[in-house]
**Student:** 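My structure is below; once you've seen it, I'll send some questions.
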Amino acid sequence: MPSEDPAARSASASVGAAVAPPPAFAEQANVTAASLREEFAENWPACWERAADLLDWRDDYEAVLGGDGPPFRWFEGGSLNASYNCIDRHVEAGRKNQVALRWAGRLGESRAYTYLDLHREVNEFAAALRALGVEEGDIVTLYMPMIPELPVAMLACARIGAPHSVVFAGFSADALATRMESADSEYLVTCDGYYRRGTPVHQKSKADNARVELDHSVEATVVVDRLGDQPPLDDDEYDYERLVRQHHSATVDPVPRDAGDMLFLIHTSGTTGEPTGVRHTTGGYLAQTAWTARSVLDIKPEDTYWCSADIGWITGHSYIVYGPLALGATTMLYEGAPDYPEKDRVWELIERNAVDVFYTAPTAIRAFMKWGAEYPESHDLSSLRLLGTVGEPINPRAWKWYHEHIGNGECPVVDTWWQTETGAMMVTTLPGVDDMKPGSAGRPLPGISVEVVDEDGAPTDPGEAGYLTVDKPWPAMPLSMVEDTGWFADHEQGRPPLDRFDWAYFTEDAAAVDEDGYITLLGRVDDVINVSGHRFGTMEIESAITAVEGVAEAAVVGAPHDLKGEAIYAYVTPVNADDEATLRERIVAGVEDAIGPIAVPAGIVFTPDLPKTRSGKIMRRLLGAVARDDDLGDISALRNPEVIGELDPIPERED
Ligand code: WTA
């Protein structure tokens, strides 16, 4: 069985009363046809042509979905280039002076790139990458914070058909090395350093340490001078600025890529100890990303749009870079923190840039709520037309606060459910058409087929919790699913039997559907913890902790946290209990080194023993219940029930 029974979660779900789309919004919405879901359903999979029509194809595709699948060949026979679609065609359409990228830096700097500027720099950097030896199909690792050179490098890779692998800048040297190793990536683009909460982080030295750990050699490393103290570079290291200057006004023809060719690789946490590489396609991914940016985020070419995620995660790939740029809009890039220099920073930026659409995570909204409504109230936010959320469930109270205090009751709020694996949005409301229900993401988007099933694979009754399952392929599906059936209906892994479907993907999320088909998400059912909308596998963190000298055993669980949604708690059995304070410090350092500061547990509890089943397995469910202060449930399988009395409550940690 999955590690947790989804039914246990239903009690915590609550959904607010339905809110109709504001008429003023609905009048101007990109999607206004209430019949769109039916149209797509009747005409599936040909309906997805609507998404593909948003792109410029080099060779037209012969079939929207080729073959009966698997393999599923979306837009079979078609070829295109993502960089061309995100840049050149807007320049060719006479929109060269429209701002493509608006950057607000950590130290108050700002920079704007028009589509023409972006075209120039992407071409120059693409030429530079080629000159360094990067060929079509080579994977280029990008290890950079939120600076314009990151999207430029992504689009330069896309231009020459070299898939990028962006590694979140806050990850450690070890984490970078693991990802480069698994991708067999021989090219790296990074920077000297960047500021995190006012202190400089030395990114280049992390990159150097990662290189030492690799089994293979790195052909070339490009370093962006962000801090202005570029360290001396070796022979195989190149200064970004100088490279771009060397290739001044070079142009590189966009390389036509088959619809099913890989656009990029991104790693995410799963249930194994290692991060999983997810490979996204060029055609299907870009089509669904552009389509959802248009139909759900309602982005128009003249809009200024801001998604506050980091590009290091899938949200940033799809909805900072590819979606908005494919539509020719202005996308904002913010390097700083939401509360620096003041807690009104986000609202100040929205006012100053007259942002039309804002997309953020519930964890940020909870922080805004805590800081108080006076901060947004001190700014003119009337430019906003639509608000969105992603990454974790949003409770009705936070939803209403966002709707009222940020949207002035006039902006629809789209609560978008999707995953790294799905590549683009899957379940949410069409903002000009559907009623919104605070706390419920909405119905599956047109063309997306989703069902909530019980343990036997049968559909659940309204309100009953079950497993969220996608039962038809979708254009932005990753290559692993395109090629292979092994991912789903895996009975051995304790997934519900899904034999009655021709094909199904088990999302590892628990959910409940109401009478109107609206889906409320209830959290993960696997060993993945969702901290501030970011995924961490318990196994990954446990292996980092058990690698620390002095640790005998460790188990990691997630428990609710007011701001983060969930927080990580670690139960640790020391080899000897002498010096807990030092061991605690070593564990923190160990997790920082293996993954990054973002994965450090909010609480570390030392215990002489961990609860185990008779077969010797750690009972994480029980530790989770202790951490959540829940009823412990059935403990008859426990070999050492006496340990329960010894598990100290979680210490509170301020952060
Ligand atoms: C969770 C982020 C509730 C879910 C795009 C999913 C959500 C995981 C929502 C994927 C939402 C994402 N409501 N839960 N609107 N959006 N999730 O891969 O558990 O970083 O499986 O992708 O986040 O996280 P990932």
Side-chain angles (χ1 to χ4, degrees), residues 18 21 26 29-55 61 63-70 72-76 283-285 287-298 414-419 421-437 440-453 457-462 466-477 481-482 488-489 498-507 509 511-521:
N30 286 338
V31 170
T32 51
S35 56
L36 200 67
R37 280 195 176 78
E38 288 68 40
E39 280 172 39
F40 266 60
E42 280 162 22
N43 196 19
W44 193 95
C47 55
W48 281 110
E49 203 174 330
R50 296 273 282 270
D53 280 350
L54 295 176
L55 305 179
Y61 49 88
V64 171
L65 180 55
D68 293 333
F72 298 103
R73 289 184 290 268
W74 284 97
F75 310 115
E76 185 175 25
Y285 169 83
Q288 192 176 334
T289 305
W291 164 254
T292 47
R294 187 175 182 283
S295 59
V296 179
L297 296 174
D298 199 55
V414 286
D415 171 359
T416 62
W417 177 89
W418 57 293
Q419 304 177 308
E421 292 84 345
T422 69
M425 297 168 185
M426 301 290 277
V427 176
T428 184
T429 47
L430 290 168
V433 173
D434 296 331
D435 280 358
M436 301 162 268
K437 295 189 190 181
S440 169
R443 286 182 289 166
L445 282 170
I448 300 294
S449 184
V450 156
E451 206 174 308
V452 178
V453 302
T460 52
D461 291 331
Y467 302 100
L468 183 68
T469 302
V470 185
D471 61 18
K472 273 202 172 95
W474 63 98
M477 69 200 302
M481 294 190 210
V482 167
F488 3 88
L498 300 169
D499 313 356
R500 76 188 163 87
F501 302 111
D502 292 335
W503 181 89
Y505 160 59
F506 179 56
T507 66
D509 270 351
V513 192
D514 72 7
E515 294 78 6
D516 301 324
Y518 276 56
I519 296 172
T520 294
L521 279 304

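Predicted model, so just to flag it, every value in this text is computed and none were measured. Count residues from 1 along the sequence.
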**Student:** Just wondering, do E39 and R50 contact through their side chains at under 4.5 Å, heavy atoms?
**Tutor:** yes
**Student:** Any side-chain heavy-atom pair from L65 and F75 closer than 4.5 angstrom?
**Tutor:** no
**Student:** Determine whether M426 and L468 satisfy the following criterion, side chain to side chain contact (heavy atoms under 4.5 Å, CB included), listing intermediate values before the conclusion.
**Tutor:** CA-CA 12 Å; M426 301 290 277; L468 183 68; over 6 Å; no
**Student:** What's the verdict on side chain to side chain contact (heavy atoms under 4.5 Å, CB included) for I448 and M425, showing C-alpha distance, side-chain angles and the deciding distance?
**Tutor:** CA-CA 10 Å; I448 300 294; M425 297 168 185; over 6 Å; no
**Student:** Any side-chain to backbone donor/acceptor pair from Y518 onto D435? Under 3.5 Å, distance only.
**Tutor:** yes
**Student:** Under 3.5 Å, side chain of W418 to main-chain N/O of G423, donor-acceptor pair present?
**Tutor:** no
**Student:** Does a side-chain heavy-atom distance below 4.5 Å link L297 with T292?
**Tutor:** no
**Student:** For residues G442 and V427, report the shortest heavy-atom separation together with the two atoms involved.
**Tutor:** O-CG1, 3.3 Å
**Student:** W48 and G447: which non-hydrogen atoms are nearest, and at how many Å?
**Tutor:** NE1-O, 3.4 Å
**Student:** Would you confirm whether Q288, through its side chain, and A476, through its main-chain N or O, come within 3.5 Å as a donor-acceptor pair?
**Tutor:** yes
**Student:** Counting N and O atoms only, with roles assigned by atom type, does the side chain of T469 sit under 3.5 Å from a partner on the main chain of F506, one being a donor and the other an acceptor?
**Tutor:** no
**Student:** Tell me which one of V513, D461, T520 satisfies side-chain contact (heavy atoms from CB on, under 4.5 Å) with V452.
**Tutor:** V513
**Student:** Between R500 and E451, is the closest basic N to carboxylate O distance under 4.0 Å?
**Tutor:** yes
**Student:** So do the side chains of V453 and F501 get within less than 4.5 Å of each other, counting heavy atoms only?
**Tutor:** yes
**Student:** Using a 3.5 Å distance criterion without hydrogens, assess whether the side chain of T429 forms a donor-acceptor pair with backbone atoms of P431.
**Tutor:** no
**Student:** Would a 4.5 Å heavy-atom cut-off, applied to side chains only, mark E76 and V64 as touching?
**Tutor:** no
**Student:** Would you find a donor on one side and an acceptor on the other, under 3.5 Å apart, between the side chain of T32 and the backbone of A29?
**Tutor:** no
**Student:** Between L36 and V433, is any pair of side-chain heavy atoms under 4.5 Å apart?
**Tutor:** no
**Student:** Looking only at heavy atoms, which two atoms of A51 and A287 are closest? And how far apart?
**Tutor:** CB-O, 3.7 Å
**Student:** Kindly assign one of parallel, tilted or perpendicular to the pair F40 and W291, based on the angle between their ring planes and the thresholds 30° and 60°.
**Tutor:** parallel
**Student:** Does the side chain to side chain contact (heavy atoms under 4.5 Å, CB included) test come out yes or no for E421 and M477, once each step is laid out?
**Tutor:** CA-CA 7 Å; E421 292 84 345; M477 69 200 302; over 6 Å; no
**Student:** Under the criterion side-chain contact (heavy atoms from CB on, under 4.5 Å), which of L445, T507, T428 is the partner of W417?
**Tutor:** T507
**Student:** Using a 6.0 Å distance limit plus a 45 degree cone around the ring axis, check whether K472 lies over the aromatic ring of W503.
**Tutor:** no
**Student:** Does a donor on one side chain and an acceptor on the other come within less than 3.5 Å for S449 and D471?
**Tutor:** yes
**Student:** Answer yes or no: is there a side-chain heavy-atom contact under 4.5 Å between I519 and V450?
**Tutor:** yes
**Student:** OG1/T289 to CZ/R294 distance, rounded to the nearest 0.5 angstrom?
**Tutor:** 15.0 Å
**Student:** CG of D502: more than 12 outside heavy atoms within 6.0 angstrom?
**Tutor:** no
**Student:** Look only at the side chain of D298 and the backbone of N30, and say whether a donor-acceptor pair between them is shorter than 3.5 Å.
**Tutor:** yes
**Student:** Given side chains that start at C-beta, do those of R443 and D434 come closer than 4.5 Å, heavy atoms only?
**Tutor:** yes
**Student:** So, R37 side chain and P444 main chain: donor-acceptor pair closer than 3.5 Å or not?
**Tutor:** yes
**Student:** Can you name the closest pair of heavy atoms from V31 and S295 and give their distance?
**Tutor:** CG2-CB, 3.4 Å
**Student:** Test your reading of the model: is there a side-chain donor-acceptor pair from N43 to the backbone of A46, 3.5 Å cut-off?
**Tutor:** no
**Student:** Report the C-alpha distance between W474 and Y505 in whole Å, list the side-chain angles of each, state the deciding distance to 0.1 Å, and finish with yes or no for ring pair (Phe, Tyr, Trp, His ring centres under 6.0 Å).
**Tutor:** CA-CA 11 Å; W474 63 98; Y505 160 59; 5.7 Å; yes
**Student:** Answer yes or no: is there an ion pair linking D415 with K437, defined by an N-O contact shorter than 4.0 Å?
**Tutor:** no
